[in-house]
Structure formats: structure tokens, C-alpha cells
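Every chain is numbered from 1 and lettered A, B, ... according to where its sequence line falls, protein lines coming before strand lines.
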There are 2 protein chains.
Amino acid sequence: MTELGERGETLLKTLIELYITEGQPVGSRTLARHTDLNLSPATIRNVMSDLEDLGLIQSPHTSAGRIPTQQGYRLFVDSLLTIKPLNSEAVENIQSRLTTESDPQALLASVSEVLSKVTHFAGLILIPGRENALLRQIEFLKLSDDRVLTIMITDDGRVQNRVIPTDRPYSESELTQAANYFNGTYVGSSLASVRRALLGEMKTDSDTMHEIMKTAVTVAGKFFDEEENDRDDVVLTGEENLLNIPDLCQIDTLQKLFDAFKTKQDLLDLLDRSMRVNGISIFIGEESGYRALDDVSVVTAPYETDGSIVGTLGVIGPTRMDYEEVIPIVDITARLLSGALSGRHLTESDSSG
Amino acid sequence: MTELGERGETLLKTLIELYITEGQPVGSRTLARHTDLNLSPATIRNVMSDLEDLGLIQSPHTSAGRIPTQQGYRLFVDSLLTIKPLNSEAVENIQSRLTTESDPQALLASVSEVLSKVTHFAGLILIPGRENALLRQIEFLKLSDDRVLTIMITDDGRVQNRVIPTDRPYSESELTQAANYFNGTYVGSSLASVRRALLGEMKTDSDTMHEIMKTAVTVAGKFFDEEENDRDDVVLTGEENLLNIPDLCQIDTLQKLFDAFKTKQDLLDLLDRSMRVNGISIFIGEESGYRALDDVSVVTAPYETDGSIVGTLGVIGPTRMDYEEVIPIVDITARLLSGALSGRHLTESDSSG
DNA sequence: TATAGCACTCGAAACCATCGAGTGCTAGGG
DNA sequence: CCCTAGCACTCGATGGTTTCGAGTGCTATA
């Protein structure tokens, strides 16, 4: 790519900043006024023409000013932006939220909420799957002759319950014994390994198994079979904020967006991809590759527990968002959350219920 | 109110039906064509003028056709509409959903979903509080020195868990004994009475209480203290459907609406009110009394478990919705749900974990 | 009482002129 | 060689005018 020169960079930077705050195409005169280069509009025009040739800016029509292209934004966030000092009120807001909430699931959801409140865009967070969590306890409760309530607790303090339809009635004591057997065998193992073990058990010739074992394997097997069991999930908050944004006033754009919000699959994919990157990811407009997100930008940052990345959080806003403000907010939120999450595991002791 | 006459009623009815399907103000000529009264447009005009004087229809401007007013819709739904025969596909859709889902919480949520799918509007359902549910089992699990995970199971098969911060560390055996004591004392009581009993216990001079009892009362007390514990809740689905609706194309209208969807308080109030009515309730435009709902209509119907009303479900759509189709859908959904909910309680037996 | 006729109203659409912000280009100056 | 001033040009936005047509209200009449 052709070299830009310091002057070109300065002008591109101020042009984008102006466009972000004003929302109007910016012309050569305006740009001249808002820079301390002491250049005439005519000179600015020449530079702008170069910038346009490079594909960094464009004009909506002949006699309008210029607006940044996707590539312009990209260059801007990659090398031009000066991160704004963090709004301390926002930091306190985030911090206080993180310290008051002790239930881990509610904590993660509230992080999404605080992101949307602070940025006035939509906040989102990837809630990690539980394949690596350790089983702390499982319990089978008889609901009726053909339904068993299964409750599983993992060492990260999460509780999951599901009603399992059964082929035959189980007695309560049978279920209790099955749970005891199951707990005795698998407590302390990761859910992934429990799942593997169950698959193996189910293939085993069932004649060699004790009746109680069979019960445990059957019921727990169905429990673990449900896909969603340990799937990653996305919590999205503040979607309604996106309705105020003048850039997104087209109903069908919003429609696409909210449809994607409902299914969440695209969001999940995107967050999942960005989890493998170390540090902030920014997807500008069509960069994300999902149609529904063509007209927005997504800023994400991974968060960790005890040093390893477990999930991602972020913000969805208009492509014309104030990156210099949003980026540090997302960044600090991820850091604060990582801090709050560390040392949150259950005691490692036995788990007799 | 002045008598309308059969001819006036017929004309009002067809006018509203036309407006509902076409979305355009309907003029005298169109109305003349769509009725079998063999009247000339001029005559129709006279009648329309009367209807306008009665406040049932209005014209957006001098040379446009007429559209129904809120009062017009009201009269229409109260005494004019001919309920369409139910779309059998929709019924099967609802029915199959109700029979496949066995987890009661998921069942209620899926009803909201199916309502939105079938009507292409937003579905909503009031999920009843649990004050009348019976305690089946409670369990305390130590997470760390200052956090205890509390899990409560009720006879309707619902599981609720919450992390309780504690003042001092409790040992695991202490917590197990406390849970045993608590279960021994309160299993089978309604949550309302457990709450009352706990309030009493907490006032009692704690010197007279065994240490284990104190533990149980303290931890469970905090659990029951959280307001949301047994609050009614609203599940709302298919909000994004409302974005396609041409009548609701104004961003600020949508904004108001989605803000209300977020807080849910107004929806909860409305559903709560309509729960006290026996049968279908219809709130047209401003009738509901909530600003956010000024531009939409809400159709609701209560549903029951074993003969007594426990909640409400419904649909939110544009004021210009096809009431003749939506009303029976809401009605039949409520009936099917009531049927599916009856006989769903847990077995009444003991609850040794 | 219903109808036919007619003048009238008013929004929608098409058309036009004007205005002004902004551009590209070129010639000239440091 | 880079910068600047000047100038003609473009094109959307704005606002006024006209036309068109759907629909109305009124009145006379069968």
C-alpha cells in the first residue's frame, strides 16, 4: 500500500473524528478549520483526493464532503487512534457491579448489562461452556413415573437442571442409589471426561453391569446427551439502545440485526472466533462476514479465569462509533471481570450432599 | 349511545375488515363494492358520516377514506367480529410444542414462542409466582468460606438456586445437617407459609435455638429474602416481529415499546390485571393506559392449572391486527396450555435426597 | 329514502428554479 | 516542488407550482 505521509494521517484521523462526532460528511473547509496544520482548503482537497484514491474515504455524492470507508476505519483503529482516558464514573460503575454480584451466572449477565449502559450500545458476553468444569454433585429426583428431575452442580458454582423422560418408572431409592454411585465414580472429573466415560459405559455389554449402575448411566446419559448442556451461550443486553441510533434507522437493517440477536448463532460464532485472538478484536461493518452485522461494528475482548481465556465480552454499535472511547471501556471491563472471576472456584473438598 | 342500525354495523364491520387487510383508508366506493347491500357510494357516504359523528371512524384528511378509531375497534371486537375458524396447522403446531416439552419452565417459555411464531407478532406469557408451590427439598452447598449455594426444589418441578453470602464460614456437615433439619420441618409446606415461619423464627430469641436450627434459619432466611424469589415474571418472545410491521415504522414508537419490553414492569402489570378477568381481554391502543403500548393492541387469555387461574398469556401486535384470527389463537393456546399443565405435580411422596 | 350529479378539498407526485456546500482543475507564487 | 487562489461545475436540499385523482359533502330528484 502506498505510503500515506504524516499529513495524510493527521487529516484522515481528524476527518474520522469529526465524522464520528458530527455524523455529517466533512468537507475540505471544515477539515481545514479543525486542524492546526494551517493548510488551505484547496490543499486539503488534494490530500483528500489522494485518500479517496487509496480507498480510505469516499463521498456519498459529488458535492458532499467525505466519509470514512470501512478501510478508513480499519486504518484508524489500527494505527491512528488516541485512546481517551477512561471515564472514571464508568469504571466505578463497572467495578461496583462486579463486586456486588456473587452468583457467577448473574455476574456475567450483569457485565453485559453494564457494557450496554456505559456505551449506550448493545453489550454482549460469551458465557463459556462447561466442558472443563469439574463435576461436584449430581442428583436424581422423581417427578412422576416417567419423568426424573436431574440436577448437576459444577465446581464453578453453576447449577443445571433438566427434566428427563424415562422409559420405565424408577423408585426413589433406586434413583438415590444411582446418584450416589454416580457421584462416587465421577465427582471431581471434568464434564468432558464424564461424557466420554458415559459413552463408553453405554456401549459396554449391559449384562455385566449392576442394575444401579445401569440406572445411573441411563439417566445421566440422557442428561449429558442434550446438546445445549454445555454449549457456549451468549447474553445480549441493551439491544433497544440500537433503535436510537440515527445510522441504523432503516427498518430492514434493524430487522436483520434483531433476527440475528434472536438466534444468536452468528454472535456466538463471532465471539468464539475472537476468543482465540489475544487482546481486543474489532470487526468493522462487513469485516465480520455476517450479513446481519454489515452495518454495525463489534468490539470484543477476551476475559480469563486464573490466567486462561474462558470467554469474550464486547459491544455492538454503529460503524460510526466512538472507538477511542468504546475500546478502553471494553478493555477495562474484560480486565476487571477477569480479576473478579479469579479465585472463585468452589472448595476442593468432598461433596457429600 | 345512538343506535347504529344493522346497516351501519355491517358497513362498520366490512370497513374495519378491509382496513385490517389492506392497511389503507377505505372510501365509499370501495366499501360499496365489498358489501352485498347494493347501495350506491353516495348512500354509503351518508352512513359513514354518521359513523364518524359517533366517533367510530375518522378520516386522516379531507379527501382520504376512513379508518377505524379506537372506539371503532372496540365496538368491532365487542360485538361485530366473526371468529375465523382456527388454522389447523397452527393448532397442531401449538399442540406438538406442548406435548414435547416436559420441563415446566421451558414449556411456558415455549408457549410464548409459539404464539409469536403463529401470529407473527410478539408473544408473551406471565409465569406465575411460586408462593403457592410446595417445598419439596432444599439443599445448602458450601462454595467458599463466605458463600453458600442454596438450591430449592418445589412440587411443580421448578428448581431455583442462589448464591448466599454468609457472615461466617460454615462447615459442610453443618450445612448438611441444617438442610436436613429444614427439610424435616418444612417439606410439604407452601413457600408462603415457609416464608412466614422463617420470619417468626428470626424474631425468636436465638438463645433458645439449637445451633443447627440457627444456621438453617439464617441461610434459608436470606434465600427467601430476595424479592425476585417468587415474583411473577413475564417471558416475551418475537419482539423482532414487530419491526416488520408497517404501522410501527416510527423509530420512537418502537423505542418506547422496546424500552417497556426491557423493564417488563408494564407488561407484568397489564397481564396481572387481565388475570383477574375471566376470559379473553383485549386492550386496544391507549386503552391499556401505558404510554409504551399506545400504538399497539394486546390480546390476552388466562390459563389454569387444575381449574384455578395461575397465569396469563397473550400477543402484542399492531392496533390494526386481525382480531378475528388472533383472538381464537390466543384462546385455544390458553386452553391447550391449561390442559397440558393439569396433573403435572410431582409425586406426593417423601423427598429424601 | 336512496341515488345521481357536481363542486370542492387535499395529499401525492412531478416538475422547476434556486441555493449553497463542496469539488476538480488550472494557473500562479513562494 | 509544494501550496494557494480562483473559478466553473456538480448535485442534493429546499421550496414553490402544477397536475392528478381519490374521496368527500351537498343538493336536487325519482
J.: Parallel, tilted or perpendicular: which one describes the rings of A:Tyr323 and A:Phe76, with boundaries at 30° and 60°?
T.: perpendicular
J.: Please list each protein N or O that sits under 3.5 Å from an N or O in nucleotides 17-21 of chain D, with the distance.
T.:
none

J.: Under a 4.0 Å heavy-atom cut-off, which of residues 14-37 of chain B touch DNA chain D?
T.: B:Gly27, B:Ser28
J.: Among B:Ile316, B:Val298, B:Val299, which residue meets the side chain to side chain contact (heavy atoms under 4.5 Å, CB included) test with B:Phe283?
T.: B:Val298
J.: Taking the inter-plane angle between the rings of B:Phe258 and A:Phe258 on a 0 to 90° scale, is it parallel (under 30°), tilted (30 to 60°) or perpendicular (over 60°)?
T.: perpendicular
J.: Do the charged groups of B:Arg335 and B:Asp331 touch, with an N to O distance under 4.0 Å?
T.: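 Between B:Asp331 and B:Arg335 there is a salt bridge, with a charged N closer than 4.0 Å to a carboxylate O.
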J.: If the condition is ring pair (Phe, Tyr, Trp, His ring centres under 6.0 Å), which residues does A:Phe121 pass it with, not counting sequence neighbours?
T.: none
J.: Round to a whole Å and report the spacing from NE2 of A:His61 to P of C:dA21.
T.: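 Taking atom P of C:dA21 as the reference, NE2 of A:His61 is at 13 Å.
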J.: At a cut-off of 3.5 Å, list every protein nitrogen or oxygen paired with a nitrogen or oxygen from nucleotides 5-9 of chain D, distance to 0.1 Å.
T.:
from  : atom 1 : to      : atom 2 : distance (Å)
D:dG6 : O6     : A:Arg45 : NH2    : 3.4

J.: State plainly whether the residues B:Lys13 and B:Glu17 are in salt-bridge range, i.e. N to O under 4.0 Å.
T.: yes
J.: With a 3.5 Å cut-off and sequence neighbours excluded, list the donor-acceptor pairs that the side chains of residues 41-51 of chain A form with protein atoms.
T.:
from    : atom 1 : to      : atom 2 : distance (Å)
A:Thr43 : OG1    : A:Ser40 : OG     : 3.2
A:Arg45 : NH1    : A:Ser28 : OG     : 3.3

J.: Rounded to whole angstrom units, what separation is found between the CG atom of B:Asn46 and the P atom of D:dT29?
T.: 18 Å
J.: Judged by modelled atom types alone, do B:Thr300 and B:Ser274 share a side-chain donor-acceptor pair under 3.5 Å?
T.: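 Indeed, the side chains of B:Thr300 and B:Ser274 share at least one donor-acceptor pair under 3.5 Å.
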J.: Please list, chain by chain and in numerical order, all residues satisfying salt bridge (charged side-chain N to carboxylate O under 4.0 Å, His left out) with A:Glu52, sequence neighbours excluded.
T.: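 Salt bridge (charged side-chain N to carboxylate O under 4.0 Å, His left out) list for A:Glu52, sorted by chain: A:Arg66.
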